Novice: 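Just dropping this structure here.
None of the values given here were measured: they were computed from a predicted structure. Here is how names work: the chains are called A, B, and so on, in the same order as the sequence lines, proteins then strands, and each is numbered from 1.
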There are 2 protein chains.
Amino acid sequence: MKCQTKDFRQEHKKEMRAVQDSMDVLNGKWKIPIISSICFYNKRRFSDILNDIDGISNRMLSKELKELELNKLIKRTVLDTQPVTVEYQLTEHGLTLKTIIDNLTEWGISHRKKIIEE
Amino acid sequence: MKCQTKDFRQEHKKEMRAVQDSMDVLNGKWKIPIISSICFYNKRRFSDILNDIDGISNRMLSKELKELELNKLIKRTVLDTQPVTVEYQLTEHGLTLKTIIDNLTEWGISHRKKIIEE
DNA sequence: CAGGATCCTATACGATACTG
DNA sequence: CAGTATCGTATAGGATCCTG
């Protein structure tokens, strides 16, 4: 069964690149928790996200938020308060990640079961 | 609108942990390409996977395959040939990742468009 | 409050050589 | 063929302190 023609393999390589593109954006320990936190509360301030996520440092939060903004997944809004507060929210494009996050949530739960049951 | 009760937040933390569980399993540069390669061809040998994935070293492939096996996502079968060949295939549990991979593929494509269009 | 600067460690990953 | 062993580098991430 040599239906694995060159076209097929080319198509497969394209798909692999696409998945990797996604993973590049979502990779690291904190991206998804951050998105998840902002998404859950709709709008969320820096210090609130810092509190939502166990163990994250302000250095990492700051860095990751920048990357997410660069990738157009979140929008940053500086509020005119004293002292300044900053609000983050998902862009429309960021919201399209919801399906994936939901899937990952579901799979994570079933995976944990699977591993524990031995 | 203070509907963010403790129960709500607890539920949210659970979900975040679940997503992180998934990401722990899928993290790193190579896990998904490996799964994707095995899945695409159904069964796949070590050296074939090595060729499917641009840039991966045998050291990493070996290491990642072990982790995937530990996580019960793939099954390893030693064939009685001379010299030995080893076949990898997805377990049933591993196959449940397909939805997620498909979603990530789709999202990766749309994300690339989004970023390029500026 | 929302970060930036600095320093440090651990881990991921790559390259190469070797073995049953 | 299917790995293992060894070594070296780069990056991720943590801790702490500083500032407008």
Novice: Starting from the 5' end of DNA chain D, give me the residue, P83(B) or M60(A), whose nearest nucleotide shows up first.
Specialist: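 Nearest-nucleotide comparison on DNA chain D picks P83(B).
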Novice: Of the candidate nucleotides dG13(D), dA17(C), dG3(C), which contains the atom at the shortest distance from the side chain of N58(A)?
Specialist: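 Output: dG3(C).
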Novice: Does dG3(D) have OP1 or OP2 sitting under 4.0 Å from an N or O in the side chain of R45(B)?
Specialist: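 Looking at the OP1 and OP2 atoms of dG3(D), neither is under 4.0 Å from any side-chain N or O of R45(B).
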Novice: Can you establish whether the number of heavy atoms outside K13(A) located under 6.0 Å from its atom NZ is more than 12?
Specialist: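 It does: K13(A) NZ has more than 12 such atoms within range.
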Novice: Using a cut-off of strictly less than 4.0 Å, decide whether R76(A) has a side-chain nitrogen or oxygen near OP1 or OP2 of dG3(C).
Specialist: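 Yes, within the criterion.
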Novice: Using the side-chain heavy atoms of S57(B), tell me which of these nucleotides is nearest: dG14(C), dA2(C), dA2(D).
Specialist: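 Comparing dG14(C), dA2(C), dA2(D) against the side chain of S57(B), the answer is dG14(C).
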Novice: Could you tell me how far apart L68(A) (CG) and dG3(C) (P) are, to the nearest whole angstrom?
Specialist: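 These atoms are roughly 13 Å apart.
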Novice: Looking at K31(A) and E67(A), is there a salt bridge between them, counting it only when a charged N and a carboxylate O are closer than 4.0 Å?
Specialist: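 Looking at E67(A) and K31(A), the cut-off is met.
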Novice: Quick one: is K66(B) getting a side-chain N or O under 4.0 Å of the dT4(D) phosphate, OP1 or OP2?
Specialist: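 For K66(B), the contact criterion (side-chain N or O under 4.0 Å from OP1 or OP2 of dT4(D)) is met.
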Novice: Whole-Å distance between dA5(D) C1' and K63(B) NZ?
Specialist: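 K63(B) atom NZ is separated from dA5(D) atom C1' by 14 Å.
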Novice: Would R17(A) and D21(A) pass as an ion pair if we require N to O under 4.0 Å?
Specialist: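 Not counted as a salt bridge, because no side-chain N and carboxylate O are separated by less than 4.0 Å.
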Novice: Without decimals, in angstroms, what is the distance between L61(A) CG and dG14(D) C1'?
Specialist: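 One finds 14 Å between C1' of dG14(D) and CG of L61(A), rounded.
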Novice: Can you figure out which of dC13(C), dC1(D), dG4(C) approaches the side chain of S47(B) most closely?
Specialist: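 Shortest atom-to-atom distance from the side chain points to dC1(D).
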Novice: Just compare dA12(C), dG3(C), dG14(D) and give me whichever is closest to any side-chain atom of K29(A).
Specialist: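 Closest of the options to the side chain of K29(A): dG14(D).
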Novice: Should Y88(A) be listed as having a side-chain N or O under 4.0 Å from OP1 or OP2 of dG3(C)?
Specialist: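 Indeed, a polar side-chain atom of Y88(A) lies that close.
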Novice: If we only count heavy atoms from C-beta on, is the I34(A) to Y88(A) side-chain gap below 4.5 Å?
Specialist: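 I34(A) vs Y88(A): side chains apart.
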Novice: Report which part of the nucleic acid R59(B) touches: base, sugar-phosphate, or nothing (heavy-atom distance under 4.0 Å, all strands).
Specialist: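 Touches a base.
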